[in-house]
Amino acid sequence: MVDLPFNPLKRAREVEELVMEGLARKYYRFRPARYYAGIATADIVGCPFPCAYCWKYGRNLHPEMSRDRYYSPHEVANRLLSVVKRRAFNKVRLNGGKRILHYPS
Ligand code: SF4
């Protein structure tokens, strides 16, 4: 068993409280990205892990500071599809946080 400096399950529940409202989740932007020959990207708010090398370390460390809004899964899909159509991409991704928060139990 690995000794972690924090409890990831407890931290996941805490982050969930801060970034979820029912099935809606906080996102801070939807964008085209040049990676993978072009991919529609939704940037999530909230991750239970405090990886020091993460490009959004500060935002993940303090999700309560975020003024970003909540999006339903349907809204997220529509926004990503809008980027796909506008840029003629064929890929999407959810980025910068853990997608598995709020997994139904
Ligand atoms: S998004 Fe990935 S790299 Fe960033 S803190 Fe979470 S697990 Fe770590």
Side-chain angles (χ1 to χ4, degrees):
M1 184 81 140
V2 176
D3 246 355
L4 294 173
F6 66 102
N7 179 327
L9 295 177
K10 180 175 177 284
R11 169 89 178 137
R13 290 284 174 221
E14 290 167 356
V15 172
E16 257 180 31
E17 290 290 315
L18 298 170
V19 302
M20 303 286 311
E21 266 187 10
L23 288 179
R25 171 130 185 208
K26 277 187 175 181
Y27 286 79
Y28 77 98
R29 65 183 173 181
F30 298 87
R31 62 186 168 103
R34 63 187 160 89
Y35 309 104
Y36 314 110
I39 188 165
T41 301
D43 289 309
I44 295 172
V45 177
C47 182
F49 302 108
C51 303
Y53 54 79
C54 184
W55 63 277
K56 49 191 293 272
Y57 176 77
R59 195 180 281 264
N60 281 345
L61 202 58
H62 298 289
E64 71 279 9
M65 308 270 288
S66 160
R67 291 192 187 155
D68 308 303
R69 63 163 279 221
Y70 294 92
Y71 293 86
S72 71
H74 193 247
E75 289 174 306
V76 172
N78 281 340
R79 287 198 168 235
L80 285 171
L81 288 174
S82 166
V83 175
V84 163
K85 284 180 192 157
R86 204 171 60 242
R87 300 297 288 265
F89 290 163
N90 62 6
K91 294 178 275 307
V92 303
R93 67 177 174 165
L94 306 179
N95 190 45
K98 283 292 160 265
R99 290 143 300 282
I100 56 172
L101 286 180
H102 200 62
Y103 189 79
S105 47

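Residue V76 comes nearest to A42 through the heavy atom pair CG1-CB, 4.4 Å, listed as atom of the first residue, atom of the second, then distance. The two atoms that bring P48 and P8 nearest to each other are CB-O, 4.0 Å, heavy atoms only. The two residues G46 and V19 make their nearest non-hydrogen contact at CA-CG1, 4.1 Å. F89 approaches G38 most closely through the heavy-atom pair CE2-CA, 3.5 Å.
The side chain to side chain donor-acceptor pair (under 3.5 Å) search around H74 returns none, not counting sequence neighbours. Qualifying salt bridge (Lys or Arg N to Asp or Glu O under 4.0 Å) partners for E14, counting only residues two or more places apart in sequence or in other chains: K10. Taking R87 as the reference, nothing meets the side chain to side chain donor-acceptor pair (under 3.5 Å) condition, with sequence neighbours excluded. In this structure R79 satisfies the salt bridge (Lys or Arg N to Asp or Glu O under 4.0 Å) test with no other residue, sequence neighbours excluded. Scanning for side chain to side chain donor-acceptor pair (under 3.5 Å) contacts around E21 gives an empty result, with sequence neighbours left out. Qualifying side chain to side chain donor-acceptor pair (under 3.5 Å) partners for D68, counting only residues two or more places apart in sequence or in other chains: R59, S66.
Using the six-membered ring where Trp is involved, F6 and F49 have ring planes that are perpendicular, over 60° apart on the 30 and 60° scheme.
The distance from atom CG of L94 to atom CG of D43, rounded to the nearest 0.5 Å, is 9.5 Å. Between N95 atom CG and F30 atom CZ the span is 12.0 Å, to the nearest 0.5 Å. The CD atom of E16 lies 12.0 Å from the CZ atom of R11; values are rounded to the nearest 0.5 Å. To the nearest 0.5 Å, the span separating CG on L61 from SG on C47 amounts to 10.5 Å.
Around CD of E64, the count of heavy atoms belonging to other residues, nucleotides or ligands within 6.0 Å exceeds 12.
No continuous path of hydrophobic side-chain contacts links Y35 to W55 [ILVMFWY only; heavy atoms under 4.5 Å]. Criterion: ILVMFWY side-chain heavy atoms under 4.5 Å apart, direct or through other members. Under it, V84 and I39 are not part of a common hydrophobic cluster.
C54 has its side chain within reach of N60: a pair of non-hydrogen atoms, C-beta onward, lies under 4.5 Å apart. You'll find the side chain of Y71 stays beyond 4.5 Å of the side chain of K26, heavy atoms only.
Under the 3.5 Å distance criterion, the side-chain polar atoms of K56 are matched with a main-chain donor or acceptor of I44. Judged by distance alone, the side chain of K91 and the main-chain N or O of Y36 form a donor-acceptor pair under 3.5 Å.
Side-chain polar atoms of R31 and T41 form no donor-acceptor pair below 3.5 angstrom.
R69 has a carboxylate O that lies under 4.0 Å from a charged side-chain N of E75, or vice versa, which qualifies the two as a salt bridge.
The distance between the ring centers of Y27 and Y70 does not fall below 6.0 angstrom.
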